[in-house]
Amino acid sequence: MTHTCIHWFRKGLRLHDNPGLMAALRDCKELYPVFILDPQLHNKSVGVNRCRFLIGALKDLDLSLRQLNTRLFVVRGKPEEVFPKLFCQWKITKLTYEYDTEPLSLSRDKTVTRLAEEHGIDVVCKVSHTLFDINRIIEENNGKTPLTYKSMQAIVKKLGPPKRPLSAPSMEDLKDVNTPCSESHEKKYRIPTLEDFGHNLADLPEEQFPGGEQEALRRLEEHMKRTAWVCNFEKPKTSPNSLSPSTTVLSPYVTFGCLSVRTFWWRLSDVYEGKKHSAPPVSLHGQLLWREFFYTASVGISNFNKMVDNPVCTQVDWDINSEYLAAWREARTGFPFIDAVMTQLRQQGWIHHLARHAVACFLTRGDLWISWEEGQKVFEELLLDGDWALNAGNWQWLSASAFFHQFFRVYSPVAFGKKTDKNGDYIKKFLPHLKKFPAEYIFEPWKAPQSVQQAAGCIVGKDYPHPIVQHEVVSKKNIQRMKAAYAKRSANTAKSLSKIQGLKRKPSSSVDMLKKKKKNNTSEPLL
DNA sequence: AGCCGTGTTGCGTAG
DNA sequence: ACTACGCAACACGGC
């Protein structure tokens with residue numbers, strides 16, 4: 001019992017399958033579970049729903065920690081300034097945390113690791129946010145980033161199944177561990193409120209998906225009970241506009257790490273066991289592999305969240321049009337299906353994957369010809385499951401900038417929603433102004449005769465906007481613009497090829513990349 | 001995991 | 001018994 005240890009929670013807001021936390025408990029006499037509120041990260045640019053989710057997750061984490069006779073310390077400030085103080089104040093000898101692949105996290109963690117080592121502190125970093133060590137996936141592919149799902153599947157097959165999840169720590173694991181808590185804990189280390197993030201509580205929408213590990217595990221079990229549904233799951237066959245979600249909505253919990261992706265994976269394997277079941281890419285396992293795929297791309301491809309200097313991204317002459325962008329963001333495009341989806345996004349912080357397809361296509365190559373980077377920012381703010389890698393990857397996919405290249409496949413803002421919601425009930429739910437419109441006109445109210453509009457109590461141009469573009473006209477024009485961008489792209493093939501070779505990376509494990517010096521490997525490999 | 005126009009097939013039914 | 005017609009479901013190709 002020699003160590004005084006900080007376990008640093010960032011993502012991974014859970015006790016189950018938390019190898020970093022388990023490493024903290026080894027030979028530990030004093031434990032400080034810490035979450036850092038970084039004003040550069042946690043501010044009003046994070047949407048109110050996301051903030052609420054994070055607060056819920058922190059409260060739940062604190063509750064679970066208290067049951068183990070320890071508790072959460074929420075510390076305010078920049079990590080590189082906060083940690084040196086904590087190291088001295090608490091006489092820390094070990095720091096543990098979960099590996100994070102995002103570029104900003106990597107540089108932050110490198111700095112903190114260096115500071116810790118300057119204080120003579122052991123640093124332990126574990127992979128548990130993804131199924132596999134993403135750097136291992138790239139190594140397994142000879143240093144090349146897989147750019148297709150198929151190649152990803154081949155690599156994953158070679159790697160074998162992901163590691164089994166660890167159990168949450170028990171009282172036994174903490175029996176010799178103490179967490180010194182002062183009288184002023186509530187004052188100094190309290191969990192933040194929405195006001196702390198600069199949000200106004202007045203017009204807070206009802207909470208649909210409360211944050212936290214307990215809620216995540218409850219939700220997982222609720223869905224895993226539906227054996228046939230799990231075994232038959234095919235993502236493209238689920239509806240983007242059902243009144244209650246047609247998918248699990250476990251993504252926010254995975255994003256914040258309230259649910260371990262490996263726990264999710266193995267729980268699915270349990271359900272599949274001995275039964276006929278759907279397979280990747282459409283199955284639930286397949287969805288987790290999509291996540292892994294985009295994580296890998298985000299690690300292997302430079303400038304992944306940008307068009308310029310991103311070697312896989314087609315360079316497109318997107319327009320700058322703040323009026324169109326605002327209309328899209330604020331759900332006033334005049335296309336009820338698009339506006340209903342954007343309303344659900346703002347209200348609930350979650351929309352179905354195919355609804356994301358429809359609004360993303362509409363903003364970019366389909367209708368408004370606005371850069372996918374603008375859409376990325378809006379999703380980042382509003383989605384509970386807004387994830388750096390997945391957001392950038394999927395926006396590139398939908399805008400046909402990378403991974404997906406069938407740019408002539410354009411979603412209709414009218415027809416697409418009709419397929420799974422003939423009566424427009426979804427539109428009526430999120431755009432109550434339109435609720436009296438007959439099904440015949442609800443997807444295109446501007447076509448309704450004046451008499452119908454009057455009877456519905458909703459005049460287009462007064463109570464609901466005219467469509468901001470003529471879809472049939474702009475979509476045809478945009479396909480031609482995409483065609484030109486692609487022609488230019490293939491003309492530059494030689495250039496691109498040399499860039500793709502620049503993607504090759506030296507083999508090294510995740511942890512080596514964070515650590516300057518390699519420690520003697522006495523007990524176990526770090527990963 | 002697109003949409004739309006066109007053409008074909010197959011079925012039921014009116015005459 | 002046979003044809004003509006309407007309709008839905010499906011296949012295909014171009015964008």
Side-chain angles (χ1 to χ4, degrees), chain A residues 147-153 229 232-242 245-249 251 278-294 297 314 316 333 335-338 341 344-345 350-369 372 375 379 383 385 387 390-422 424 426 443-444 447 467 469-490:
Chain A
L147 296 176
T148 63
Y149 191 84
K150 257 204 154 40
S151 60
M152 183 72 188
Q153 279 179 292
W229 183 82
N232 295 324
F233 185 92
E234 292 182 33
K235 188 65 166 277
K237 290 188 181 165
T238 57
S239 166
N241 49 3
S242 49
S246 62
T247 51
T248 65
V249 199
S251 52
S278 56
V282 296
S283 64
L284 283 165
H285 263 175
Q287 303 314 302
L288 300 183
L289 289 178
W290 278 112
R291 177 175 185 270
E292 211 73 3
F293 172 70
F294 284 125
T314 304
V316 177
T333 66
F335 291 92
F337 177 60
I338 299 297
V341 171
Q344 184 187 15
L345 170 61
W350 180 87
I351 51 179
H352 186 276
H353 183 67
L354 296 179
R356 300 179 198 204
H357 279 216
V359 297
C361 182
F362 186 87
L363 178 73
T364 58
R365 65 189 170 84
D367 295 82
L368 303 186
W369 203 257
W372 58 270
F379 275 22
L383 279 173
D385 58 17
D387 177 297
L390 304 193
N391 202 17
N394 279 304
W395 273 101
Q396 286 173 81
W397 180 289
L398 258 300
S399 61
S401 299
F403 311 113
F404 170 84
H405 306 287
Q406 314 301 107
F407 54 77
F408 41 81
R409 290 190 191 170
V410 178
Y411 287 85
S412 162
V414 171
F416 187 68
K418 272 187 193 170
K419 287 192 289 186
T420 43
D421 181 24
K422 267 193 189 147
Y426 173 84
F443 283 87
E444 34 197 347
K447 287 191 178 168
V469 289
Q470 266 188 285
H471 174 71
E472 318 77 68
V473 178
V474 294
S475 62
K476 285 204 184 83
K477 188 180 147 201
N478 290 347
I479 287 170
Q480 293 311 308
R481 292 178 86 170
M482 281 307 283
K483 206 173 172 179
Y486 268 66
K488 213 168 160 185
R489 192 180 82 134
S490 39

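Side chains are part of it too, since the values below use all heavy atoms of this structure and drop only hydrogens, waters and symmetry mates. Every value quoted in this text rests on a predicted model; they were computed, and no experiment measured them. A, B, ... follow the sequence lines: proteins, then strands. Residue 1 opens every chain.
Checked against side chain to side chain contact (heavy atoms under 4.5 Å, CB included), A/Glu234 has the following partners two or more places apart in sequence or in another chain: A/Pro236, A/Lys237, A/Ser278, A/Val282.
Distance, A/Phe337 CZ to B/dG2 C1': 13 Å, rounded to whole Å. As rounded to whole Å, 8 Å separates atom C1' of C/dC15 from atom CD of A/Gln480. Put simply, CZ on A/Phe408 is 14 Å from P on B/dC3, counting in whole angstrom units. Protein atom NE2 of A/His471 is 7 Å distant from nucleotide atom P of B/dC4, rounded to whole Å. The nearest whole Å value for the distance from the CD1 atom in A/Ile338 to the P atom in B/dG2 is 15 Å. A/Arg409 has its CZ atom 15 Å from the P atom of C/dG14, to the nearest Å. In this structure, A/Glu472 places its CD atom 15 Å from C1' of B/dG2, rounding to the nearest Å. Rounded to an integer number of Å, the gap from OH of A/Tyr411 to P of B/dG2 is 5 Å.
In this structure, A/Phe416 reaches the sugar-phosphate backbone alone: every heavy-atom distance under 4.0 Å involves primed, P, OP1 or OP2 atoms, never a base. Across all strands, A/Gln406 comes closer than 4.0 Å to no nucleic acid atom at all (heavy-atom distances).
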Dot-bracket assigned to DNA chain B with the 3.5 Å Watson-Crick/G-U criterion, [ ] for crossing and | for other-strand pairs, is .||||||||||||||
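Remark: side-chain polar atoms of A/Arg365 are paired, donor with acceptor, to backbone N or O of A/Phe407 under 3.5 angstrom. Between the A/Asn394 side chain and the A/Leu390 main chain, a donor and an acceptor come within less than 3.5 Å of each other.
The side chain of A/His353 has B/dA1 as its nearest neighbour among B/dC3, B/dA1, B/dG2. With B/dC3, B/dA1, C/dC15 as the candidates, the nucleotide lying closest to the side chain of A/Trp290 is B/dA1.
Remark: the A/Asn241 side chain and the A/His352 side chain contain no N/O donor-acceptor pair separated by less than 3.5 Å.
Between A/Lys419 and B/dC3, a side-chain N or O to OP1/OP2 separation shorter than 4.0 Å is present.
By the 4.5 Å heavy-atom criterion applied to side chains, A/Phe294 and A/Asn391 are not counted as neighbours.
Here the options are A/Cys361, A/Pro467, A/Pro413, the test is side-chain contact (heavy atoms from CB on, under 4.5 Å), and the partner is A/Ile338; only A/Pro413 passes.
Ion pairing between A/Arg356 and A/Asp385 holds under the 4.0 Å rule for side-chain N and carboxylate O.
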